[in-house]
Protein chains: 2
Amino acid sequence: MSVTTEAKPSTATIGQYLLDRLHALGVEHIFGVPGDYILQFDKLIENHQINFINATRENTAGYMADAYARLRGLGVACITYGVGINITNAVAQGYVENSPFVVISGTASTEEFASCRYLHHMFGSHKGQLRDTTQMDIFQKMTVAQELLDNPLTAQTQIDRALDLCLTYKKPVYFEIPRNQVEQTIALAPAASVTRLDEDHEALAEVLEEVSEFLKRSERPVIWVGHEIQRHQLSGPILQFAEKYRIPIVSSILGKTTISEYHPLYMGIYQGVMSIEEVKEYVESADAIFVLGVALNEIETGMQTANLNAKQKVLASSERIKVNHHHYPRVSMHALVNGLASLDLNLRFRSDYPAYIDRRLPPFKAVNDKKTSVQRLFECLQGFLRAEHLIVCDFGDSLFGCSDLILEQDNFLSNPYFATLGFGIPAAIGAAQAVPQKRVVGVVGDGAFQMTCTELSTAVRYGLDPIIILLNNHGYATERPILEGTYNDILNWSYSKIPQILGGGKGHYARTEEEMEHAFQQAFQERGTFHLIEVELEQDDLSPALHRFSQAIKKSSS
Amino acid sequence: MSVTTEAKPSTATIGQYLLDRLHALGVEHIFGVPGDYILQFDKLIENHQINFINATRENTAGYMADAYARLRGLGVACITYGVGINITNAVAQGYVENSPFVVISGTASTEEFASCRYLHHMFGSHKGQLRDTTQMDIFQKMTVAQELLDNPLTAQTQIDRALDLCLTYKKPVYFEIPRNQVEQTIALAPAASVTRLDEDHEALAEVLEEVSEFLKRSERPVIWVGHEIQRHQLSGPILQFAEKYRIPIVSSILGKTTISEYHPLYMGIYQGVMSIEEVKEYVESADAIFVLGVALNEIETGMQTANLNAKQKVLASSERIKVNHHHYPRVSMHALVNGLASLDLNLRFRSDYPAYIDRRLPPFKAVNDKKTSVQRLFECLQGFLRAEHLIVCDFGDSLFGCSDLILEQDNFLSNPYFATLGFGIPAAIGAAQAVPQKRVVGVVGDGAFQMTCTELSTAVRYGLDPIIILLNNHGYATERPILEGTYNDILNWSYSKIPQILGGGKGHYARTEEEMEHAFQQAFQERGTFHLIEVELEQDDLSPALHRFSQAIKKSSS
């Protein structure tokens, strides 16, 4: 029965409440494409503190919101009904790669559905129903909550609950708003708390006791950290745990830079046969392994070549906690990781593992008139990277090449699991909007570039300044080693002239090492405008990592 | 027990059989984007008579296949699993606008699913199942058949049945092929005939008798013809029926050019308040109306302003046959239309309806240095159009402006119902591939252009030569009259320089009437290369039809 001194507003419109909640959770930009069913909501954004960022189309709006969410903890994309399903690829990717973003779709009003069986942008006749359920049915497969905001009595609870699920599971959620409901008034109730299954403290104590016991008998433990640790902001406690006992850390590829790659305990990326030899050897000869927040898919495991031979294994993800062969269903990843950090054991492991210094790329010195290669490109790039540079890469050799770069914490963003080609450019732009204090460096191939390059228009429109490095290897290089054919070819463009079309940005073409270094110099020293650097490569020039990957994937598909 | 002189092959692989069937049904091109789960099938296409056409991404491959299907009766798009759901928008559009195209997606093999719970491009863990069912569940909502071709014993039947449904309902179907099944051998059986519900001849006789009776009492009948008549190739019998009794014909907007607009019985497009006055007046004062193959959605009905006052109404679509208030569930549209054509009544109606000549746009004469307008653009364009020109237009003022053009039969392709922005360019390219004897003229706005312009790359790669007319009205013009805001603005590009990027095609920029006419002249007289003509327009310059549409949509959404 406390007395509040400041009166809070007792009503809001549904649209206003949703925007206020998103803003309170840190959202300052919403990415979208307008359309008649969502215009009322777009107008509301225009009058709100949140900024509307126009994308050139829907799926790229999705990738931008995804990148924003991975970097800031929450992102939003806004679409119109039906034609907006262009965004599904981005949503599915956010779902399997744990990106907490919100999709808001407008739809027709109940009155419109009642007055006409066939409305534009709808998936067919809604017949007996007063709505088209198709889009919600589709999003049900790739989001953790779907709410139709058509009732002022329940809208607040629906919004609160869905956003809570988005932040709890770090996966997309979906709102559908009939356009006549955006301005409907709701009477605000005190925010309801969501009831959850309590942590089981006895179970937690048991798993920590078990871990303590085997740690005491261990001589060579290792921590394999994955992207879920980044999403749930658990890097801190993991470092506490690792530093206290001097346990080396390796990362999954999707989890790269969850821990700074300059940290003295960090060894490199573990990815089965695709790992560098020292990392592979260390992990596979460890006697205890902590697999924390790693998505154990075929990519993360190097086409299932990961060999976790350790006698003692702790597996923790948002889905399950497992020690060797038994599960702890009532312990959360969050509780376990914090529990590990608070253990107080009298232990200190030997530090004879390879230190980060061995993984550093050699310093780059351009050779006069020499045509550059993929390997030299990444050696050159490494020399320009500082703590303020955020690498955003597309799938393919962009990813594999980037995996060898050594980067600070939270300076890497990629999509190696759902592996949508064309993620790189829109994600780089979403990232530039999300963390303006950093300089974003997007790395993409020519196949990916042709899919989503129009989004560079958005960089010009909003004054964003990513550096885009285009690896022009003339085709779908990842596929050539699997099964070659003319379908892997791509028409060559004069990519570096694109800024002339957009009326902004700067283009560079580099064939030799010198030209490449010069272009990098210009791009890295100038902020305020995007730079597009096309690096001309040989068609069959693969990074060492892609070469290993291609061998692995070829084997698995034959 | 006949003796065949030529031995047919008794076996084929699943992939080969599918390609052979498609080829036998007239498919000469498959549009697609490669990816590891579909590479085996792509390779098979490369070795087949059918040509593989690389799209820059998946949804545009879908629009190209859609256009190809509308013009040739069957189209095919080919994608990899998961990331391929980028194509859903195109499939949904094909579903509601009746386009018979086939989507073929590769997927992982049963063995791969068995060996790993989490595979790349999948929507999550498939857990207890040996496949990921998500994509098929999604396609179930927008196709009339979905077949997983994972069994050589049933593959032939599955393929035959799905293709039959595609051609019967003129809607998309979906095949999913595990990559290790493409080369599986099947023992070919004689093609099984599909059993269908027989036509009810008594019911047909009854409806024709009923129609004959009211026709005899009618003084002012009219036929409103829609796109389903084009899809089912029933224009012939409808003209027979109309010509025999001199019944005037109007068209729906989606059905435009199902009947030649130069036919003396053709009056124009009927679309409620959006119709030209003479057409509206005639239709709404008719005493008998035949609504044949029209999708009665809000767009076709001019935002539900169609007033069908006729005392006698016959409604025929692929879904139902209805006379006034009663249905004939056992009569098909096909049977009814052919029945109407074969009627032999001693009737001849008066011909005092407005003839096509009244709808012709005035001859264009460029005014010196005068900035052009939307209206003048279409007047100018009309002067260049001949029987060999096929107009493909995007949604927005492109559609509304084009609706006033007078065109020969089958010379118009649009998407006014699902209304995906960005359909125009890929559809123009798919159309150019489908009917090389025609010259395709694509008409798109700047918003649509930015969504899918990268597909012009495909025109260059395959030597296709559409003329693309870009109405640059600086934003989403259709939305401005509904609810104006900065979200309706678009960054202006130097569009006419795009051929410099692609290394092919010719660009034109036109601001004045003279420049526009000159650009049209150059484009229309040169085949073998695409021409992109940017026409600079005022932001608030709407075609008369869009002005009427905006008023209608504004009214319905307020």
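All values below were derived from every heavy atom in this structure, side-chain atoms included, with hydrogens, water molecules and symmetry-related copies excluded. Everything quoted here is computed from the prediction, not taken from an experiment. Numbers restart at 1 for each chain; the letters A, B, ... are given by sequence-line order, proteins then strands.
- Looking at A:I490, the atoms closer than 4.5 Å to chain B (heavy atoms on both sides) all sit in the backbone: N, CA, C or O.
- Looking at heavy atoms from C-beta onward, A:D42 lies out of side-chain contact with B:L483 at the 4.5 angstrom threshold.
- Two residues are said to be in side-chain contact when any heavy atoms from C-beta on lie closer than 4.5 Å; B:R57 and A:T452 fail this criterion.
- In this structure, CG on A:L39 lies 5.5 Å from OH on B:Y487, to the nearest 0.5 angstrom.
- Counting heavy-atom pairs closer than 4.5 Å to chain A, the top-ranked of the candidates B:D137, B:N488, B:V460, B:T60 is B:D137.
- At a threshold of 4.5 Å between non-hydrogen side-chain atoms, the residues A:I501 and B:I498 count as touching.
- When the candidates A:T420, A:L119, A:T134, A:I138 are compared by the number of heavy-atom contacts under 4.5 Å with chain B, A:L119 comes out ahead.
- No part of A:N180 comes within reach of chain B, as not one of its non-hydrogen atoms sits under 4.5 angstrom from that chain.
- Counting only heavy atoms from C-beta outward, the side chains of A:M451 and B:V33 approach each other to under 4.5 Å.
- Between the side chain of A:H120 and the backbone N or O of B:F418, no donor-acceptor pair lies under 3.5 Å.
- Contacts between A:Q304 and chain B at a heavy-atom distance below 4.5 Å involve the side chain alone, from C-beta outward.
- The backbone N or O of A:T454 lies less than 3.5 Å from no partner atom in the side chain of B:Q450, so there is not a single donor-acceptor pair.
- In terms of heavy-atom pairs under 4.5 Å with chain B, the best-connected choice from A:N59, A:D489, A:T301, A:L296 is A:D489.
- Considering only heavy atoms from C-beta on, B:Y118 stays 4.5 Å or farther from A:V96 through its side chain.
- The backbone N or O of B:V83 sits less than 3.5 Å from a side-chain atom of A:N89, completing a donor-acceptor pair.
- Proximity to chain A involves both the backbone and the side chain of B:Q500, based on heavy atoms less than 4.5 angstrom apart.
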